Structure formats: C-alpha cells, structure tokens
Trainee: 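This is the structure I have questions about; it appears just below.
Every heavy atom of this structure was used, including side-chain atoms; hydrogens, water molecules and symmetry mates were not. Quick caveat, the model's predicted, so the values are computed rather than measured. Letters A, B, ... mirror the listed sequences (proteins, then strands); counts begin at 1.
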Amino acid sequence: MTNKMLKIERLLAVSALAGVIAAGTSWARAPFTDEELAEQKAALVESIALGYDLWHGSRADMTTNGLACGNCHPDTAASNPQTFPKYMTMYGKVIPFREMVNWCIENPQAGTRLDVDGDDMTAMEAYAFYLHRGKEITPGLASEQTTPIVVEYGTGFARTPTGIGVDTKP
Amino acid sequence: MSDIVDHSRRQFLSFAGKAGLTTFVAQAVGINLGMVDIVRAQTGKRGVEPFRFAIISDSHLYSMPDHKFDQQLADAVAQVNAMTPLPDFVLYGGDVAQNGTEDQLVKGSKILKDLKMPLKIIPGEHDWYLDMGDAWRGLFGDETWSFNHKGVHFIGLNSILVRDFWTGAGMTPLERMTVMEMLESPIPGPWGVHEKQLEWLANDVKDLAPDTPIVVFTHSPLWDYYPRWNFQTSDAPEIREILSKFDNVMSYHGHVHQTLFNRIGNMSSVAALSTSWPWPYPPVELAFPETRMNRADPSIATDGMGTQIIDLSGSFEGLVQYQPFEDSLTPFMRDGFKV
Ligand SMILES: [Fe+2]
Ligand SMILES: [Fe+2]
C-alpha cells in the first residue's frame, strides 16, 4: 500500500472496512480469501483517495475559474449523495448523483463535465458515499445542508474539547 | 432583487422546505434573542455617540482577470457605499485572497480603495501562508491594532497563527499554502492568536474602565464552533478571560461564510457573510439556531453572500443587519437582531 493510501485511510478512518472483512472470515468457507479481500479493500481505498484528490482540484479541466468542489463542500458537506436520485429544480426532473456532480462542474466551476461512466466519476462518488456511510437513504428528498462527519468538539484535532458554544444560551 | 430571483428561490425552497426548513423557520419567528440585559442597559453612562460601521469579508480573489469573485467584492463595496447613513468605517474580516499571492492581495486592495470610508482589516489564513504575511503587511500594515471611535474601543487580532508544521516536513511555501487553503485539512491543527498577541491584548486593555464598550475583531470565531474546519480560535478562552472585566464585549468575525450568532458570558459573537461562497452549517447544535440563514441555491451564483452593517446605540447596543446579495435570510433574520 502506498503512503498516500495509508494517509487517506487515516484521514477517513477507513478502519470500518476492516470490520467487514473480519465478519467475512467467520464464515465456514469464506467467499474470498483474506488476500482477495485485502486487494478489494485496497482497490476501494484507491478510488476513494482519487475521489478525495478530484474533489480538491486535482483535475484541471473540471474548472476554469480555479474553484474545486472542496471550496464549497468541505468534507463533501451539503452534497448529500445518499439522497439521490432526486428531483432537482435546475433540471425540473429526477436526476442521479452523477448528473448533479456534472452540474456543479459546469456551473459554479465553469468546467468540462466528466464522463459519467469513467473511473474519475466513480471516484467522485466513492469519496462522497464513503463519507456518508451509515446515513439514511432518503431518495426523492432534499436533505440537510450539512456535513456527514459529526465531530464532537475538538476531536477533529488533538485538543481537549471545551464544549463551549452548545450550552451557552442564557 | 429581481422577480426572477425571487421566483427561483421560491421554487428551490419548495423542495428545501420538505427537509424541515419550514418547521425551522416557524420556530424562529418571534424568538427574542434576549441579549439586552441589565448590565448592558447601564453602560449608557459611558456616552457612546451612536454610529454605524460595516463589515465586508472573505472575498477569496483568484488571479484570473475578470473572475466572478472580483465583481462580487466590487458589488459589496458598492453596497456599502450606498448605505444611508454611510458607515463611519469598514472592517474587513480576512481572506481577501484565495492563494495568498501578491497579485490577488493587490487586486483586493485596489477594489477596496473604492470605499468612501476608512478601512480596518485583519488577515485570514488564505492571505497569509505563502509568504507569512509579507505581502499583506506591505499593503495593509499591522495585523494587530486598536483604536477608539466615538467612545468605543476597537481591537483587531490575527487569529490564524498555527504552530510550524512546514519546516520539519521540508515543505515549500506553496505546499504550506496549499495545506492551509483546505478547510478540512487536519495537518495544521487548530489556529489562534498566540502568546505575543495575548500579552499585547492584556496590555492594551489594562487601563480601560470596565464600562468601556469593546469591539474585538478576528478572522475566526472566539468560541469552539467546529474545530475540524477551524471554526474556532484555540486561545479564545484566554482572550475571553482578558476581556472578562468589561461589562460588554462584541466579537465580530469572518471565516465561516454564513450568518451566525453566539453568546458566552459578557461576549456576543457575530459572524460575517462572505462575498465569494456560502458554507453549509456543520453538524453542531447551536445555542441560537434561529440565526442560521437559508440553504444557498447553487443556481444563483451570489446566493448566501453579502455584507453587514452594525448600528451602535448610545447604550452600546448593536443592531446587526445582514445585507445579502439575494434573499437568503430567514424571516427571523430579515429585520436584523440586537446584540
Ligand atoms: Fe474564507
Ligand atoms: Fe478563512
């Protein structure tokens, strides 16, 4: 595994995947060997890592004004992948997540849309869906404009949380 | 605001509403923030001469010519210049530039020169980490300052200082800047004003009487909002401690690109809208959720952005009014609120 992949694993806490693998191995006859599962996990992490880079501006033709998805959607916040397909007003019909990705490429970023069947688009999805794992799937609804990563005060960094701000209403 | 804009916002909200916005708005209407306490009412004896100031923040200018953000900052300047009565001065909340390059900072200073009134400015992380503030200081001067205006003591601090993560890692200035540009980057860790400015602050206020009205201005909020995105200032508790002797402290900040209010002890805290793009609200329970604005409609390029004005009364009460470019304010926020 490359350094970069290790980094992205730490960043995203991909450890949840390890749990899936452990559960798999408790079957009488595992559908895949441990090596096969490790390869599959590595392939997924690689796609997530690629998606992370793409969301942060690694592909030049996705923008002509310098903006990257990460500018406006830190941690893929407010992209709500788990709520697609859904009705979007700019289309006046129900569209898949990949189409909305292309809408944001062509509009706020004035860039060139991605091939909807390409590996880059898959990676865009892999990163967004990975951060939204465990979120309720609610197709057809606009959902909250919030980040999938619920971080208690301070736990995003090595710092003792003070908790100030939640309970200060007089 | 044209009819077309109103129409598309309505269309957009008809769907957003299903996610609970309608109930949220209904809850917000009629809530009094209740900030005017007894302590506040007594501060009138200091005799603040009523005046108004404006805030512009977070224009994130890119280097390309005729970038849409250039015009958005120019629009903000025009909006402030058109206010009646005119603000006495303008505070700029940091992040003039996106990548901290000199050309971006120069472009920003040129657009801001069109303001009819004086400008006071503090830096954001996007202005700073390419050359550690050299270009910024050359254009705008000291980043730590204070002045008195009509009976109010104004303080500006540089709140985006981090420990040195680049020397040990052998990073180039550009790599350092790239790390700092990313909101959710875990590498820099929490930023703050650090020891020297804390000492400066303690010294700056040591001879002021407790009933002196104080306005403190920083890039990041002086409370723990969402540290993962550096929606915090690590030594905010120390700052609040130094300022705790005062009856009333107003803190105004940029960085969060959204409307927001909070209050801790004697300090009320107000966030600035950005002129470049709005940010979603992080998954944090707010003490004053009614101060959130509507979701931005991505098909309106300037939705969720704007400027703000604060009218200070003789009793050092501030009327905060957000001036959005589009109609992104909830009914609760539309008439402003008192701090
Ligand atoms: Fe900013
Ligand atoms: Fe910032």
Trainee: Looking only at heavy atoms, which two atoms of Gly66(A) and Met64(B) are closest? And how far apart?
Mentor: N-CE, 3.4 Å
Trainee: Heavy atom to heavy atom, less than 4.5 Å: which residues from residues 114-124 of chain A reach chain B?
Mentor: none
Trainee: Will you find, in the side chains of Glu184(B) and His73(A), an N or O donor that is under 3.5 Å from an N or O acceptor?
Mentor: no
Trainee: Indicate yes or no for a side-chain donor-acceptor contact from Lys68(B) to the backbone of Pro108(A) under 3.5 Å, with no hydrogens or angles considered.
Mentor: yes
Trainee: Nearest heavy-atom pair of Cys72(A) and Pro280(B): which atoms, and what distance?
Mentor: O-CD, 3.7 Å
Trainee: Nearest heavy-atom pair of Arg228(B) and Asp75(A): which atoms, and what distance?
Mentor: NE-OD2, 2.6 Å
Trainee: At what distance, to the nearest 0.5 angstrom, does NE2 of His67(B) lie from OG1 of Thr64(A)?
Mentor: 8.0 Å
Trainee: Can you tell which part of Gln98(B) gets under 4.5 Å to a heavy atom of chain A, answering side chain, backbone, both or neither?
Mentor: side chain
Trainee: Under 3.5 Å, is there a donor-acceptor pair between the side chain of Trp277(B) and the main chain of Asn71(A)?
Mentor: yes
Trainee: With a 6.0 Å cut-off (strictly less than), is the heavy-atom count around CD of Glu241(B), excluding the residue itself, greater than 12?
Mentor: no
Trainee: With sequence neighbours left out, what residues match Glu39(A) under salt bridge (Lys or Arg N to Asp or Glu O under 4.0 Å)?
Mentor: none
Trainee: Between His56(A) and Met182(B) (side chain of the first, backbone of the second, donor and acceptor by atom type, cut-off under 3.5 Å), is there such a pair?
Mentor: no
Trainee: Restricting to non-hydrogen atoms, name the atom on Trp229(B) and the atom on Ala77(A) that form the minimum distance, rounded to 0.1 Å.
Mentor: CH2-CB, 3.9 Å
Trainee: Show your reasoning for whether side chain to side chain contact (heavy atoms under 4.5 Å, CB included) applies to Asn65(A) and Phe69(B).
Mentor: CA-CA 10 Å; Asn65(A) 55 24; Phe69(B) 292 173; over 6 Å; no
